[in-house]
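Below, read A as the first sequence line, B as the second, and so on, with proteins coming before strands; counting in each chain starts at 1.
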There are 2 protein chains.
Amino acid sequence: MNEILVEPSSQEAENVVNRAFQRRAVVVIVGDCSVHYHGRASSKLTAGERVAIIKEDGALLVHRPSGYEPVNWMPGQNVAYNAKTKDKTLEIRAVRRKPAESIKLVFNRIHLISCMDLRDFGDFSLHASEEDMHRAILLKPSLLETGFKPISYEKKVEPGFMDIYGIDRNGKLMVVEVKRKTAGKEAVLQLAKYMEAVKRKANREVRGILAAPDIAKDAHRTLETFGLEFLQVDPRKCAETLQQAETRKLAEFFGENQL
Amino acid sequence: MNEILVEPSSQEAENVVNRAFQRRAVVVIVGDCSVHYHGRASSKLTAGERVAIIKEDGALLVHRPSGYEPVNWMPGQNVAYNAKTKDKTLEIRAVRRKPAESIKLVFNRIHLISCMDLRDFGDFSLHASEEDMHRAILLKPSLLETGFKPISYEKKVEPGFMDIYGIDRNGKLMVVEVKRKTAGKEAVLQLAKYMEAVKRKANREVRGILAAPDIAKDAHRTLETFGLEFLQVDPRKCAETLQQAETRKLAEFFGENQL
DNA sequence: ATATGCATGTCGCAC
DNA sequence: GTGCGACGTGCATAT
């Protein structure tokens with residue numbers, strides 16, 4: 001069920017919007033509005049033409065005519081909505097608890113309202129995440145270094161979890177911190193922290209490895225200070241490796257089932 | 001100039017959308033589409049009904065019917081757009097360099113297209129940022145602790161910049177790390193790092209202070225290990241303090257000008 | 001251009 | 001519920 005209004009009165013808008021809130025339709029409003037937010041912080045946005053979206057789950061986005069980010073918003077958990085006409089304007093209020101915050105939109109003029117029940121059962125898949133890199137390295141350790149043998153994954157040590165833990169071709173322990181993009185100082189500090197812990201526990205030589213496509217220059221200096229190593233790993237190559245493995249697995253699966 | 005089309009053919013859509021790209025209008029499309037992304041990672045989203053927004057500056061957002069975040073997007077810098085009909089579908093491609101990435105939307109069906117030239121000269125103001133907390137503490141140091149005297153702000157020491165640096169009522173040095181929300185382990189480690197540096201340079205007693213509205217329980221243990229302190233500071237109270245100061249300043253300003 | 005840290009970050013996952 | 005880290009994070013700022 002779709003309702004589209006062009007240049008509606010605030011009263012018409014109120015009716016259609018409240019009905020949409022009831023049935024949890026996706027609402028898109030284009031018009032001139034001001035916005036007040038109060039909660040984790042406080043903000044005020046004076047009048048201007050914007051696009052507002054209110055989703056099925058109550059997520060709210062207010063978008064200015066340019067810029068990637070919404071100028072105001074509300075994540076879609078535990079939010080209650082209400083629209084009402086006031087002095088020929090349409091006021092929309094959203095309130096949520098935990099964290100306690102509220103937002104008020106006042107539309108002075110509405111160019112367009114669309115309320116639609118959208119059906120979206122599409123599958124979303126993403127490749128080349130840090131998770132993918134972990135799995136690819138575990139699957140084919142030579143992506144990191146020839147002769148590397150992983151022992152464990154997400155192993156707990158005192159300060160947290162190491163990404164990957166293993167032994168190099170010479171039998172030395174290796175603590176590996178993986179990053180999917182240029183590694184900065186934080187990554188180095190994280191690795192240093194884990195390596196200290198492992199060194200204290202295991203009473204033998206330990207290599208600390210930062211595995212990433214690149215490392216910031218300053219970070220590299222810090223790395224050397226701590227006696228750590230950088231090994232270049234290409235996330236795209238990791239994704240390919242995984243893909244091939246998947247394909248192989250599928251082939252095996254269908255092979256078995258055809259028996 | 002506004003153009004609104006309801007259930008247009010892909011050909012009609014192509015025309016109106018390409019015109020909109022030309023004049024940098026804000027485009028909103030509601031319809032059934034699939035999305036492919038290639039760049040920093042790769043992603044595929046199979047068909048479903050979504051809301052897409054393309055802004056003046058080329059920022060692109062694809063929103064599913066629920067959730068705060070766009071499922072696919074393109075930030076609005078150095079992006080080129082193109083729309084064309086293909087087999088009764090509308091293909092929209094966005095390409096940007098640096099980072100090199102591209103996105104393709106294929107609309108199987110379009111419920112609504114709106115292309116509008118939006119005017120937004122509104123002012124946005126936000127209070128209660130970490131920056132606000134810094135300024136409030138410098139303005140009224142007792143917000144942190146009675147007798148505290150700030151010396152410098154964003155002072156550079158070896159590993160980076162300290163938030164605030166000063167002397168307590170007993171003449172001890174204080175290194176202050178400010179956080180606007182519950183402080184975790186990272187905050188403690190950051191502070192520890194700065195304090196070590198200051199201790200080495202200044203040859204006298206130094207207090208390391210974590211100033212935040214709250215601290216994570218585990219982080220508090222880490223804090224004690226390092227011999228640091230937590231002081232509770234309310235970001236809202238900081239915002240109020242600033243507000244009052246602003247008001248006072250304005251009053252003074254107008255007072256002067258009335259002479 | 002690169003690096004660093006904040007954000008009303010949001011989100012998922014483990015404890 | 002809390003804590004912790006990833007994110008195609010985006011973004012501003014300082015170098």
Open item on the list: Working to the nearest 0.5 angstrom, can you tell me the gap between A:His134 NE2 and A:Leu138 CG?
Closed with: 8.5 Å

TODO: Round to the nearest Å and state the distance from A:Glu154 atom CD to D:dA6 atom P.
DONE: 9 Å

Under 3.5 Å between N/O atoms: give me all the protein pairs with nucleotides 2-4 of chain D, atom names plus distance.
residue, atom, partner, partner atom, Å
D:dT2, OP2, A:Lys98, NZ, 3.3
D:dG3, OP1, B:Lys217, N, 3.2

TODO: With rounding to the nearest 0.5 Å, note down the distance linking CG in A:Leu144 to CD1 in A:Ile164.
DONE: 7.0 Å

Open item on the list: What's the gap between D:dC4 and D:dG8 when it is taken at their P atoms, as a whole Å value?
Closed with: 23 Å

- [ ] Give each stem of DNA chain D as a range with a range, requiring at least 3 consecutive Watson-Crick or G-U wobble pairs whose two distances are under 3.5 Å.
- [x] C:1-7 with D:9-15, C:9-15 with D:1-7

- [ ] Could you check whether B:Phe124 gets within reach of a base, just the sugar-phosphate, or nothing at all, counting any heavy atom under 4.0 Å?
- [x] base

Task: Between C:dT4 (C1') and A:His220 (NE2): distance, integer Å - done: 18 Å

Task: CG-OG1 distance between B:Asp123 and A:Thr46, expressed to the nearest 0.5 angstrom - done: 4.5 Å

TODO: May I have the distance from B:Met133 (atom CE) to C:dC6 (atom P), rounded to whole angstrom?
DONE: 12 Å

Task: Rounded distance (Å) that lies between atom P of C:dA14 and atom NZ of A:Lys155 - done: 17 Å

Task: Separation between NZ of B:Lys55 and NE2 of A:His63, rounded to the nearest 0.5 Å - done: 5.0 Å

Task: Base-contact (B) and sugar-phosphate-only (S) positions in nucleotides 9-15 of chain D, heavy-atom cut-off under 4.0 Å, - elsewhere - done: SSS----

TODO: Say whether, by atom type as modelled, one donor and one acceptor occur between the side chain of A:Ser42 and the main chain of A:His38 under 3.5 angstrom.
DONE: no

Open item on the list: Check this for me: does any side-chain nitrogen of one of A:Arg24 and A:Glu56 sit under 4.0 Å from a carboxylate oxygen of the other?
Closed with: no

Open item on the list: Could you tell me how far apart A:Glu131 (CD) and C:dG12 (P) are, to the nearest whole angstrom?
Closed with: 14 Å

Task: Length of the line joining A:Arg97:CZ and D:dG1:P, which is rounded to integer Å - done: 13 Å

Task: Heavy-atom donor-acceptor pair, B:Asp163 side chain to B:Val178 backbone, under 3.5 Å - done: yes

Task: Atom pair CD1 (A:Ile215) and CG (A:Leu231), whose distance is rounded to the nearest 0.5 Å - done: 10.5 Å

- [ ] Whole angstrom is fine here: how far is it from NE2 in B:His63 over to P in C:dC11?
- [x] 11 Å

Open item on the list: What contact category does A:Val71 fall into here, base, sugar-phosphate, or nothing, at under 4.0 angstrom with non-hydrogen atoms?
Closed with: base

- [ ] Could you check whether A:Met74 gets within reach of a base, just the sugar-phosphate, or nothing at all, counting any heavy atom under 4.0 Å?
- [x] nothing

Open item on the list: Under a 3.5 Å distance rule, please check whether B:Asp57 uses its side chain to pair with a backbone N or O of A:Gly67 as donor and acceptor.
Closed with: yes

TODO: Using the P atom on both, measure C:dT4 against C:dT8 and round to a whole Å.
DONE: 23 Å

Task: A:Lys185 with A:Asp218: basic N within carboxylate O range, under 4.0 Å - done: no

- [ ] Any chance you could measure A:Arg50, atom CZ, to A:Leu45, atom CG, to the nearest 0.5 Å?
- [x] 3.5 Å

Task: side-chain N/O B:Lys179 vs C:dG5 OP1/OP2, d < 4.0 Å - done: no

TODO: Using the six-membered ring wherever Trp is involved, compare the ring planes of A:Phe21 and A:Tyr81 and label them parallel, tilted or perpendicular (cut-offs 30° and 60°).
DONE: tilted

Task: Rounded distance in Å - CG (A:Leu223) to P (C:dA3) - done: 14 Å

